[in-house]
There are 4 protein chains.
Amino acid sequence: MKEEARVAILEAAEQVIAEQGLSATRMEDIATRVGVSVGTLYNYFEDRQRLLQALLDAQAQQLMAVLDTELERSRGAPYRTRLHGLLRAILEHAQKHFRFLSLLLEERSLRVAASSEELDRHQRLVNALTERIGSLNPEGLTQGVLRPEDAPHYPTLLLGMLQSTLLRQFLDRQPTPVDEQIALLLRCFLEGASPRPG
Amino acid sequence: MKEEARVAILEAAEQVIAEQGLSATRMEDIATRVGVSVGTLYNYFEDRQRLLQALLDAQAQQLMAVLDTELERSRGAPYRTRLHGLLRAILEHAQKHFRFLSLLLEERSLRVAASSEELDRHQRLVNALTERIGSLNPEGLTQGVLRPEDAPHYPTLLLGMLQSTLLRQFLDRQPTPVDEQIALLLRCFLEGASPRPG
Amino acid sequence: MKEEARVAILEAAEQVIAEQGLSATRMEDIATRVGVSVGTLYNYFEDRQRLLQALLDAQAQQLMAVLDTELERSRGAPYRTRLHGLLRAILEHAQKHFRFLSLLLEERSLRVAASSEELDRHQRLVNALTERIGSLNPEGLTQGVLRPEDAPHYPTLLLGMLQSTLLRQFLDRQPTPVDEQIALLLRCFLEGASPRPG
Amino acid sequence: MKEEARVAILEAAEQVIAEQGLSATRMEDIATRVGVSVGTLYNYFEDRQRLLQALLDAQAQQLMAVLDTELERSRGAPYRTRLHGLLRAILEHAQKHFRFLSLLLEERSLRVAASSEELDRHQRLVNALTERIGSLNPEGLTQGVLRPEDAPHYPTLLLGMLQSTLLRQFLDRQPTPVDEQIALLLRCFLEGASPRPG
DNA sequence: CATGAATGAGGGTTCATTCAT
DNA sequence: TATGAATGAACCCTCATTCAT
């Protein structure tokens with residue numbers, strides 16, 4: 001099956017890139033990892049760039065699917081519960097695909113002069129992620145759990161906290177239980193750092 | 001003066017890397033920007049890697065100096081004021097050296113298999129930043145502004161929010177006034193997303 | 001039928017080479033044109049080189065057949081008439097197989113160090129062509145239409161004029177009627193550029 | 001001197017191409033011939049194509065210079081004398097740069113679908129050559145040496161005869177003295193193949 | 001016989017680094 | 001010390017050829 005081969009290649013690429021970094025990953029490294037020869041890669045992808053784009057797209061699509069599934073599953077539940085589920089989904093996915101976030105942040109993503117195509121790709125990803133988180137906002141507001149004045153910024157801020165939490169874990173090599181992380185995030189995000197009376 | 005030349009080279013490197021990205025920046029690009037020839041670069045830096053490391057170190061040192069100055073300046077002020085000043089210092093520095101954060105995030109920084117030397121360098125940077133923010137924690141706790149149970153995570157979370165805010169601005173190409181950003185960050189960080197009674 | 005397939009492949013090769021040039025023509029291009037897969041080509045030809053040689057041979061054989069038929073047809077007619085017929089045959093063939101002349105001139109054909117096999121193949125072609133034209137020489141001499149001293153060079157010169165005429169047409173994209181071309185060639189070849197008295 | 005190196009590279013390229021053919025000539029072959037490494041070639045030419053174009057251009061320019069010089073030198077002499085000089089100049093140049101004509105004829109030059117840029121280059125060359133020969137036409141006509149009705153085609157036809165003569169010599173490996181060749185060409189061109197009365 | 005995915009040697013090109021001037 | 005041409009290893013990509021189905 002042609003599709004299986006594509007997937008195998010993308011998976012190999014993900015692994016190698018995670019290990020070596022984007023710019024250090026040679027086509028032959030990927031090929032070797034899949035167990036095929038270089039030429040074969042080019043039977044499935046036009047060139048290096050397309051392969052990497054396909055990887056990014058696939059990863060993004062996968063993550064979005066996970067999030068959408070979770071959102072669907074929790075439909076009807078209270079805001080806090082749904083947000084909890086969403087964070088769990090993201091964290092669990094990130095744990096499995098830590099490499100993905102690397103890619104997201106890596107290389108050309110933040111270049112000032114990045115080609116608009118590349119920028120769009122990155123922007124679309126971050127936006128999609130932000131959007132999913134933001135889709136809970138209305139409920140949060142309705143249920144009186146979110147302050148309206150800053151609501152539009154919450155998704156961005158949450159993402160930031162999520163990311164820095166992941167990075168810290170990585171740097172400290174101290175994996176924290178997912179539930180603990182979520183609790184921390186929810187607590188800090190909703191209650192703030194300042195103690196509440198009562 | 002030998003030192004001036006080194007600085008000029010590092011500044012050029014910062015500019016070019018900001019424009020083209022790390023892996024796309026060639027030694028000759030840097031040389032051209034400084035207005036010297038490639039060979040000259042090698043009179044000041046052993047090789048490409050050392051030059052980039054020197055750049056990272058210089059940037060880090062500069063940021064730390066800024067933060068330390070700010071901490072020194074605000075010594076004695078209440079926690080909230082001092083944090084405000086720190087955030088302002090970071091944001092202003094980031095505005096001028098957006099490139100720096102790029103470098104921080106870029107390329108090899110997140111590689112699983114990164115050489116321990118590189119990883120340490122990155123870790124040291126993030127840690128130093130975290131530490132500066134964390135240095136205010138005791139005061140925050142003493143002054144009853146911070147909840148003790150999560151305090152150790154606050155610096156990390158703040159850094160994450162800071163970063164995602166910067167990224168969002170960049171993606172949206174909508175620069176927000178620094179004061180507004182700080183207000184938002186402080187509000188959300190301290191008060192949380194959930195409305196407080198009274 | 002095995003032979004039909006061979007012919008189909010050669011025809012496709014002729015077309016593609018005419019369109020893309022020799023060295024730019026890939027086996028797959030030919031296969032696609034025939035409507036088969038690459039592998040099939042190798043069921044009919046040992047390798048790329050043999051296929052191209054077969055094409056050249058086929059083309060040459062075809063042209064020779066045309067010329068021999070024409071020579072046969074005009075047997076007994078006066079020299080001028082027979083030459084006229086020969087030129088017409090060549091021109092008409094060239095019009096249909098402009099590609100062929102390209103091949104003749106192309107690539108390895110003029111290489112100093114060309115393998116003797118390739119060179120011979122080319123030489124044989126040009127020689128065969130020259131020979132057919134030269135076969136009329138005896139009649140031309142007998143009928144007093146040709147000057148004996150230069151007669152051996154006439155075929156070569158005629159071929160040259162023919163070729164440059166074709167090339168010019170191609171470059172100017174101004175197709176001239178065949179009859180006009182023949183008239184011009186015959187006039188210039190037989191009468192010369194200098195006006196004749198009387 | 002930068003220019004000397006360029007020239008050396010072009011000369012090496014000319015030699016190698018003459019020996020191996022255009023498409024068989026690798027950049028490394030050229031480099032080896034000059035006695036430098038591949039990289040050096042790219043210090044003087046953007047890429048392979050530009051190098052080859054530069055070669056073609058240089059060769060063309062050189063030939064044109066020779067012809068213009070000859071035309072200048074013979075100014076005022078009778079048509080026949082001037083044409084003689086021109087043919088001699090071309091033949092002598094061709095002898096030294098047989099490779100050039102090869103290039104002219106080779107590869108992409110006759111492709112139907114050749115990019116307009118390539119075609120133009122070739123067309124311009126042939127046209128320039130044709131033009132130089134044609135520049136003598138007015139005198140030929142004035143002096144009554146050329147028949148007016150076919151005059152516009154004479155340059156093309158002469159070029160064709162010239163080329164086929166050179167090719168024949170090459171194929172037969174029988175170098176003929178230049179003077180003899182010129183005499184033959186002039187005789188056949190001006191007087192025609194048919195014997196003249198008187 | 002036909003297929004077409006897999007192969008991998010080979011060629012073009014880049015660029016960090018060197019070193020003679 | 002500055003220069004910048006030369007170097008050549010390394011990487012991306014192509015495509016003739018093979019062979020299991």
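Keep in mind that the numbers below use all heavy atoms, side chains included, and drop hydrogens, waters and symmetry copies. So that the names make sense, note that chain A is the first sequence line, chain B the second, and so on, each numbered from 1.
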Using atom CD of D:Glu28 as one end and atom C1' of F:dC11 as the other, report the distance to the nearest whole Å.
15 Å

Starting the side chain at C-beta, find the nucleotide from F:dC12, F:dT17, E:dT17 nearest to C:Met27.
F:dT17

If I take atom OH in residue B:Tyr44 and atom C1' in nucleotide E:dT18, what distance separates them, rounded to the nearest angstrom?
18 Å

Exactly one of C:Glu19, C:Glu11, C:Glu14 should register a salt bridge (charged side-chain N to carboxylate O under 4.0 Å, His left out) with C:Arg33. Which one does?
C:Glu19

D:Glu46 or C:Val38, whichever maps to the more 5' nucleotide of DNA chain E:
C:Val38

Over all strands shown, is C:Val36 touching base, sugar-phosphate only, or nothing at heavy-atom distances under 4.0 angstrom?
sugar-phosphate

Can you measure C:Tyr42 atom OH to E:dA6 atom C1' for me and round it to whole angstrom units?
14 Å

Which heavy atom of A:Asp29 sits nearest to which heavy atom of A:Ala24, and what is that distance?
OD2-O, 3.8 Å

N/O (side chain, B:Asn43) to phosphate O (OP1/OP2, F:dA2) under 4.0 Å
yes

Nearest-Å distance, CZ (D:Arg48) to P (F:dT14)?
16 Å

Go through E:dG4, F:dC13, E:dT7 for me and flag the one nearest to the A:Thr40 side chain.
E:dT7

State the pairing partner of F:dT21; accept Watson-Crick or G-U wobble contacts with both distances under 3.5 Å, and report none otherwise.
E:dA2

So which heavy atom on B:Ala31 is nearest to which on B:Ser37, and how close?
CB-C, 3.7 Å

For a quick test of reading the model, state the closest non-hydrogen atom pair linking C:Thr25 to C:Arg48 and the distance between them.
O-NH2, 2.9 Å

What is the separation between atom CG on C:Leu41 and atom C1' on F:dC19, rounded to the nearest whole Å?
16 Å

To the nearest angstrom, how far is A:Phe45 atom CZ from F:dC12 atom P?
15 Å

E:dA5 P sits how many Å from A:Ile9 CD1, rounded?
12 Å

By nearest-nucleotide position on DNA chain F, the 5'-leaning member of B:Ser37 and C:Arg26 is B:Ser37

Protein-nucleotide distance (D:Arg50, atom CZ; E:dT14, atom P), rounded to Å:
11 Å

With sugar-phosphate meaning primed atoms plus P, OP1 and OP2, does B:Thr32 contact a base, only sugar-phosphate, or nothing at under 4.0 Å between heavy atoms?
nothing

With side chains defined as the heavy atoms from C-beta onward, is the minimum distance between D:Phe45 and D:Leu10 less than 4.5 Å?
yes

Where the side chain of B:Lys2 is concerned, which of F:dT1, E:dG12, F:dC13 is the nearest nucleotide?
F:dT1

